[in-house]
Amino acid sequence: MKIATWNVNSIRARAERVEEWLDRSDVDVLAIQETKAQEKNFPYEIFDFMGYEVAHFGLSQWNGVAIASRVGLEDVERTFAGQPSFAKPGDTPVQEARAIGATCAGVRIWSLYIPNGRGLEDPHMAYKLEWLKELRSNVDSWLSADAQAQFALVGDWNVAPYDHDVWDIDYFREHQMTHVSEPERDAFFAFMNKSGLSDVVRPFTEGEYTYWDYTKLRFPKNEGMRIDFQLYSPALTQRVKSAHIDREERKGKGASDHTPVVVEIAD
DNA sequence: ATGACTGTTCCGAACAGA
């Protein structure tokens, strides 16, 4: 079984590319982030046509996550327990469309779009860190209920865990950029070090990126970042056969700025 | 080429991404 995650940066703008990619990638489950669509605008027909069931969670033109599967799609959950809300001062707090879970062929899949911290001192950074903390508390409760649980947390984590996960760490430090700060990295590594999950893609793809900014010719120069991950529970990690990052999909006109990350597990 | 982006909203400037 193949499980993929892909931040598509608008499902409507990317409809044709998503359909073509599903056709050639032969994945069984695709976790999607940044659909940028409300429910009524989601192009369900693409997935019907390609033989996938799909569950979407979208509240506005921002965020939006989905899971498409051709091996079953059960027990869909929108938001995780205790998922933090965000509100601008004076506005009503809202749980944003950043997490959707479903069980596909016995594997619990979560498609996740971790908040962008925006700036090291920005209120969104505290939101991001709290969001990761609450997510990990769910992981701990799932594993304490069943140490053999098979689940996958996949998506756009908006964290570059190691210095070599960005093209030039000095550039990031000089510009006081997010994604590489110690608190963000601590929050990310806690999923491995404290909760026992595994980044199952890195061993097969070290040195590769998953994202390249549209500006400044970042892709042709291969000035990218590794920020999209698949983190698996211990029992699911045992089933991993291989993984790859589909750099080809970033090429050409009309590509997303992120590219798909694919894992194959034993049936 | 001495700079070079993409998307949504409801028609053009604001916002967001990272």
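Naming: A, B, ... by sequence-line order, numbering from 1 per chain. Predicted model, so just to flag it, every value in this text is computed and none were measured.
- Judged as a side chain to side chain donor-acceptor pair (under 3.5 Å), and not counting sequence neighbours, A:Y162 has no contacts.
- Applying the ring-ring contact (aromatic ring centres under 6.0 Å, His included) test to every pair with at least one member in residues 16-36 of chain A, sequence neighbours left out, gives these pairs: A:W6-A:W21.
- In this structure, A:R12 reaches the B:dT9 phosphate: one of its side-chain N or O atoms is under 4.0 Å from OP1 or OP2.
- Nearest-nucleotide positions on DNA chain B place A:S10 closer to the 5' end than the other of A:D156 and A:S10.
- Under the side chain to side chain donor-acceptor pair (under 3.5 Å) criterion, A:D140 pairs with A:R136, A:S195, not counting sequence neighbours.
- The nucleotide whose nearest atom lies closest to any side-chain atom of A:R98 is, among B:dC5, B:dG7, B:dG17, B:dG17.
- Within residues 253-260 of chain A, the residues that have a heavy atom under 4.0 Å from DNA chain B are, in order of number, A:H258.
- The P atoms of B:dA16 and B:dT2 are separated by 32 Å, rounded to the nearest whole Å.
- Listed pair A:R14 / B:dT6 fails the phosphate criterion, with no side-chain N or O lying under 4.0 Å from OP1 or OP2.
- Comparing B:dG7 with B:dA18, their P atoms sit 14 Å apart, to the nearest whole Å.
- Ring centroids of A:Y113 and A:F57 are separated by 6.0 Å or more, keeping the two rings apart.
- A search for side chain to side chain donor-acceptor pair (under 3.5 Å) contacts involving A:R17 returns A:E249, not counting sequence neighbours.
- Rounded to an integer number of Å, the gap from CD1 of A:I114 to P of B:dA16 is 19 Å.
- Applying the side chain to side chain donor-acceptor pair (under 3.5 Å) rule to A:W157 yields no partners; only residues at least two apart in sequence or on another chain are considered.
- Taking Ile, Leu, Val, Met, Phe, Trp and Tyr as hydrophobic and joining them when side-chain heavy atoms fall under 4.5 Å apart, one finds A:W167 in a cluster with A:V166, A:I169, A:Y171, A:F172, A:M177, A:V180, A:Y209, A:Y211, A:W212, A:F219, A:M225, A:I227.
- Look at CH2 on A:W212: it is 17 Å from C1' on B:dT6, rounded to the nearest Å.
- Under 4.0 angstrom from either OP1 or OP2 of B:dA18 there lies at least one side-chain N or O belonging to A:N7.
- Here the C1' atom of nucleotide B:dT9 and the CG atom of A:N41 are 11 Å apart, to the nearest Å.
- Partners of A:P93 according to the side-chain contact (heavy atoms from CB on, under 4.5 Å) rule, which considers only residues two or more places apart in sequence or in another chain, are A:S85, A:A87.
- Against DNA chain B, the stretch residues 116-126 of chain A makes heavy-atom approaches under 4.0 Å through A:N116, A:R118.
- Of all the heavy atoms in A:D156 and A:H258, the pair that sits closest is OD2-CE1, 3.2 Å.
- Checked by atom type, the side-chain pair A:Q83/A:R98 shows no donor-acceptor distance below 3.5 Å.
- As a whole-Å value, the separation of A:N63 CG from B:dT8 P is 14 Å.
- Note on A:Y214: every side-chain N or O is 4.0 Å or more away from OP1 and OP2 of B:dA16.
- Residues in residues 77-103 of chain A take part in these ring-ring contact (aromatic ring centres under 6.0 Å, His included) pairs, two or more places apart or across chains: A:F80-A:W131, A:F86-A:H124, A:F86-A:Y127.
- Computed from coordinates, the A:K40 NZ to B:dC10 C1' distance equals 11 Å when rounded to whole Å.
- Look at CD on A:Q61: it is 15 Å from C1' on B:dT6, rounded to the nearest Å.
- Taking 90° from 0 as the syn/anti boundary, the base of B:dC10 is oriented anti.
- Atom NZ in A:K216 sits about 17 Å away from atom C1' in B:dA1, given to the nearest Å.
- Every pair passing side chain to side chain donor-acceptor pair (under 3.5 Å) that includes a residue from residues 44-55 of chain A is listed here, sequence neighbours excluded: A:E39-A:Y44.
- The stretch residues 157-180 of chain A touches DNA chain B through A:N158, A:H179, each having a heavy atom within less than 4.0 Å of the strand.
- With C1' as the reference atom, B:dA4 and B:dT8 are 23 Å apart, rounded to whole Å.
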